[in-house]
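This report concerns only the one structure given below.
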Amino acid sequence: MKIRDATASDIEAIIGIGHRTWPSAYGFAGEAYVRNGLATWWSTAAIERSLRDTTVLVAEEGPELVGVGNIDLRGDVPIIWKLYVLPDAQGTGAGTALMAALLGRAPGRPVRLEYVDGNDRAARFYERRGFTELRREPGERDGWPETVWMEHRPQPRTDVTTGEEQTSRRVRIGAPRGR
């Protein structure tokens, strides 16, 4: 499994991931919700915007893309807007690898994301990776599920040479000098 930066040549495959994941991930919210989400977030124009404005990573297994994630680093707190893995590739480590790579793009910083209430699999996945709930927002339309915002805070580490807490993921405890 390889995690890499997405390119314009990946757009069709990324759209395919959206169309293969959204119906099963959000079917509980209704057909209109799924149709709106695919049209809004998985169109060619939407993916081109993501590539321009955010860091988009893909999980590649052989010649096929099996997952996609993106993180927006423009604000004070980075936001992960997408993290999707094809149903057949779920449980293979692709989601975990994408999450680690996305968090790695914002070392030492808190990172937020949102998911749709009712997507219990996503909630469990994020909780197991250290995200905690911040708040809930009402659905965009009547009858649509709430949006749940979560945050991941980097774990402080103690520098063994100074005894001081460090929050940067780049702290190298015991690393030899000059390398």
Side-chain angles (χ1 to χ4, degrees), residues 1-44 46-47 49-51 54-73 78-106 110-134 136-137 139-140 144-155 169:
M1 170 105 29
K2 178 182 176 185
I3 305 299
R4 64 170 175 80
D5 288 285
T7 67
S9 65
D10 296 318
I11 290 174
E12 288 305 314
I14 292 170
I15 292 169
I17 291 169
H19 282 266
R20 290 173 62 190
T21 57
W22 260 64
S24 61
Y26 301 113
F28 67 88
E31 187 178 318
Y33 183 87
V34 171
R35 208 173 35 250
N36 181 74
L38 288 172
T40 303
W41 304 115
W42 296 95
S43 68
T44 299
I47 302 305
R49 253 189 330 274
S50 290
L51 287 169
T54 70
T55 299
V56 181
L57 303 178
V58 291
E60 195 172 51
E61 186 65 47
E64 183 181 20
L65 296 188
V66 298
V68 63
N70 77 326
I71 187 166
D72 188 340
L73 299 168
I79 298 173
I80 294 173
W81 290 114
K82 282 185 172 81
L83 181 62
Y84 294 93
V85 173
L86 293 175
D88 292 347
Q90 291 177 4
T92 65
T96 298
L98 278 167
M99 177 62 77
L102 291 167
L103 291 173
R105 297 296 176 105
V111 174
R112 293 183 183 160
L113 57 76
E114 63 175 12
Y115 74 93
V116 176
D117 190 34
N119 188 345
D120 299 331
R121 185 176 184 145
R124 287 188 306 272
F125 179 85
Y126 299 139
E127 287 170 359
R128 285 193 309 263
R129 280 142 191 91
F131 284 83
T132 57
E133 186 174 323
L134 283 177
R136 291 172 176 256
E137 296 175 352
E140 289 182 28
W144 283 12
E146 290 181 317
T147 297
V148 181
W149 280 91
M150 300 185 88
E151 184 173 73
H152 181 276
R153 292 198 161 273
Q155 296 299 311
R169 290 195 175 104

Name all residues meeting the side chain to side chain contact (heavy atoms under 4.5 Å, CB included) criterion together with [X]; count only those two or more places apart in sequence or in a different chain, and write none if there are none.
X	value
Pro87	Thr21, Ser24
Glu151	Val77, Pro110, Arg112, Leu134, Arg153
Glu61	Met1, Val66
Ala101	Ile3, Leu57

Looking only at heavy atoms, which two atoms of Trp22 and Gly37 are closest? And how far apart?
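Looks like CZ3-CA, 3.3 Å.
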How would you list, by chain and number, every residue that makes a side-chain hydrogen bond (donor to acceptor under 3.5 Å, both in side chains) with [X], sequence neighbours excluded?
X	value
Thr96	Arg129
Tyr33	none
Arg49	none
Glu12	none

Suppose we screen for salt bridge (charged side-chain N to carboxylate O under 4.0 Å, His left out). Which residues come up paired with Glu137, at least two apart in sequence or across chains?
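Here the qualifying residues are Arg135.
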Does Glu133 have any salt bridge (charged side-chain N to carboxylate O under 4.0 Å, His left out) partners at least two apart in sequence or in another chain, and if so, which?
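Checked Glu133 against salt bridge (charged side-chain N to carboxylate O under 4.0 Å, His left out); matches are Arg136.
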Can you pull out every salt bridge (Lys or Arg N to Asp or Glu O under 4.0 Å) where at least one residue sits in residues 83-92? Sequence neighbours excluded, please.
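Matches after skipping sequence neighbours: none remain.
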Just say parallel, tilted or perpendicular for the rings of Tyr84 and Trp42, cut-offs at 30° and 60°.
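The arrangement is perpendicular - the two ring planes meet at more than 60°.
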Could I get the full list of ring pair (Phe, Tyr, Trp, His ring centres under 6.0 Å) partners for Trp41, not counting sequence neighbours?
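Partners of Trp41 under the ring pair (Phe, Tyr, Trp, His ring centres under 6.0 Å) test: none.
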Which residue is it: Thr55, Val56, Ile14, Leu83? I am looking for the one with a side-chain contact (heavy atoms from CB on, under 4.5 Å) to Asn70.
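The single option meeting the side-chain contact (heavy atoms from CB on, under 4.5 Å) with Asn70 is Val56.
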